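Note that the structure is a prediction, hence the values are computed from the model and not measured. To find a chain, count down the sequence lines: A is the first, B the second, and so on, and within it residues start at 1.
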Amino acid sequence: MPELPEVEVVRRGLEGHVVGRTVERVEVLDVRSLRRHLAGARDFAARLEGRTVTAARRRGKFLWLVLDDDTPVVCHLGMSGQMLVEQPDAPREKHLKVALDLSGGTQLRFVDQRIFGGMLVSGGTPDVPDEVAHIALDPLDPAFDVEDVVRRARARRTGVKRALLDQTLVSGVGNIYADEALWRTPLHYARATDRLRPIDVRRLLGHVADVMRDALAQGGTSFDALYVNVNGQSGYFDRSLNAYGQEGEPCARCGTPIRRDTWMNRSSYWCPRCQPRPRGANARS
DNA sequence: GCTTGCGCCTGAATGC
DNA sequence: TGCATTCAGGCGCAAG
């Protein structure tokens, strides 16, 4: 699934291959991918056709193209979304949802098996589309304010992993990177945020940024790499995962088998020795 | 106002 | 073999 580094790789691909091109024709193959564009598929197409793409931007896992009338077109990849630039006559993917014919004879395709993602023409500004307004900055954003996040995290009465996954506190952190950053710090996922020391939160946020930067470095920045990544060869994270998906494997730090808990209808992986489970007031999951 | 949990989706993996 | 169930999880939204 696309995590923030993958979304950034996609953004760079769009910046290199889509910015400067004009949308000549829009084909919507599955309206469910436009369900958040309330005015419907026909309106979506009308708003894009004839417009030139001037920028590709990102905050957290939200991605948007800016058109030459300053309209942002928001794209979210959800769990399974892909953005591909291909020849118009290339074989169509099974889950192709939206195809944009671009000037210069290429086609931008939005492919999404599980339809958790989608596209929409947004209100708001090119810098902050409406759908992104409530999303916090991500740890790779130059304006990311660590001390502000430390303060706001400690003001909450919740568990530390819940806080990491809350997009209004810090954006771009998914289940995989939350577990990896907690392992690196190390902290148990159920530690109460209001009982953490500021230095612990600072360390945690530093590890979140490091995990993302490591993955971005591995993911490459070429469009070839983009193809590789979105085509499911996710060698991207696999090599460097210490916790996520490692149930039963020895912890790289202490050798204790990694545990897996069911948590919030998903999984949490943790080392029982390095990340001891908190008790009493220190726990909040 | 803040925190918590559900539902959206499909297909691979698993169970009977 | 074939059908049913489980699991994966980012996000918006409603309920607590």
Side-chain angles (χ1 to χ4, degrees), chain A residues 1-8 10-11 29-38 58-64 74-83 93-98 110-120 122-124 129-136 138-139 149 151-182 189-196 208 211-212 215 230-234 236-238 241 243-247 260-269 281 283-285:
Chain A
M1 76 221 65
E3 293 271 347
L4 183 145
E6 277 177 293
V7 178
E8 173 60 17
V10 171
R11 190 200 66 77
L29 294 100
D30 189 337
V31 292
R32 292 178 297 176
S33 289
L34 298 182
R35 66 177 179 275
R36 296 191 188 285
H37 184 82
L38 301 179
R58 181 188 61 75
R59 179 185 290 187
K61 297 179 190 174
F62 282 82
L63 190 64
W64 64 97
V74 173
C75 317
H76 199 292
L77 302 179
M79 292 290 296
S80 54
Q82 304 174 356
M83 299 288 267
E93 293 75 11
K94 183 177 177 188
H95 298 289
L96 178 61
K97 304 299 184 187
V98 181
F110 179 68
V111 177
D112 189 11
Q113 178 194 103
R114 290 169 65 181
I115 326 180
F116 275 28
M119 300 178 74
L120 64 96
S122 177
D130 288 343
E131 290 70 23
V132 179
H134 68 292
I135 301 292
D138 62 70
V149 176
R151 185 180 52 74
R152 285 166 46 225
R154 295 181 70 244
R156 296 197 174 194
R157 300 181 59 79
T158 189
V160 65
K161 184 170 172 180
R162 274 185 188 278
L164 276 184
L165 296 178
D166 184 338
Q167 303 293 301
T168 66
L169 180 68
V170 51
S171 71
V173 185
N175 202 38
I176 296 174
Y177 286 174
D179 280 0
E180 289 303 307
L182 287 165
Y189 64 83
R191 290 285 296 273
T193 52
D194 57 336
R195 308 279 288 217
L196 291 176
V208 170
V211 171
M212 288 178 174
V230 296
N231 284 339
Q233 294 159 27
S234 58
Y236 213 13
F237 313 111
D238 293 0
L241 290 180
Y244 185 85
Q246 307 299 305
E247 183 180 19
R260 171 183 176 271
D261 287 353
T262 298
W263 174 85
M264 273 180 75
N265 274 334
R266 55 202 64 180
S267 297
S268 268
Y269 296 88
R284 206 170 276 132
S285 68

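- Atom CH2 of W263(A) and atom P of dT3(B) are 14 Å apart (whole Å).
- Checked for salt-bridge contact, D112(A) and K97(A) miss the test: no charged N lies under 4.0 Å from a carboxylate O.
- Heavy atoms of R260(A) sit under 4.0 angstrom from primed sugar atoms or phosphate atoms, though from no base atom.
- Taking only side-chain atoms of R266(A), from C-beta outward, the nucleotide of dG5(B), dC11(C), dC9(B) with the closest atom is dC11(C).
- Counted within 6.0 Å of CZ on R157(A), heavy atoms from surrounding residues, nucleotides or ligands total 12 or fewer; the atom is thus considered open.
- For R284(A) and dG5(B), the CZ to C1' distance is 17 Å, given to the nearest whole Å.
- When the nearest nucleotides of DNA chain B are assigned to A155(A) and I115(A) by heavy-atom distance, the more 5′-ward of the two goes with A155(A).
- Q113(A) has its CD atom 14 Å from the C1' atom of dC8(B), to the nearest Å.
- Looking at K161(A) and D179(A), a side-chain N of the basic residue comes within less than 4.0 Å of a carboxylate O on the acidic one, giving a salt bridge.
- Applying the 4.0 Å criterion to OP1 and OP2 of dT4(B), one finds that T158(A) has a side-chain N or O inside that range.
- The shortest distance between the side-chain N/O atoms of H134(A) and the OP1/OP2 oxygens of dC11(C) is not below 4.0 Å.
- At the phosphate of dA8(C), OP1 or OP2 sits under 4.0 Å from a side-chain N or O atom of S267(A).
- Relative to the side chain of M79(A), the nucleotides dG10(C), dC11(C), dT3(B) differ in distance, and dG10(C) lies closest.
- dC7(C) atom P lies 12 Å from atom CD of E247(A), rounded to whole Å.
- N175(A) has no side-chain polar atom (N or O) that falls below the 4.0 Å cut-off from OP1 or OP2 of dA8(C).
- Remark on DNA chain C: of its neighbouring residues Q167(A) and R114(A), the 5'-side contact belongs to R114(A), judged by nearest-heavy-atom nucleotide.
- Using a 4.0 Å cut-off, no side-chain N or O of H76(A) falls inside it from OP1 or OP2 of dG10(C).
- To the nearest angstrom, C1' of dC9(B) lies 8 Å from CZ of R32(A).
- Taking atom CE of M264(A) as the reference point, atom P of dC7(C) lies 16 Å away to the nearest angstrom.
- Of all heavy-atom pairs between W64(A) and R59(A), the closest is CZ3-N, 3.5 Å.
- Nucleotide dG10(C) holds its C1' atom 13 Å from the CG atom of N265(A), rounded to whole Å.
- Side-chain proximity of K94(A) to dT3(B), dG11(B), dG10(C): nearest is dG11(B).
- R154(A) has its CZ atom 17 Å from the P atom of dC2(B), to the nearest Å.
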Side chain to side chain contact (heavy atoms under 4.5 Å, CB included) assessment of D30(A) paired with I115(A):
CA-CA 9 Å; D30(A) 189 337; I115(A) 326 180; 4.1 Å; yes
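- Taking only side-chain nitrogens and oxygens, R36(A) never comes nearer than 4.0 Å to OP1 or OP2 of dC11(C).
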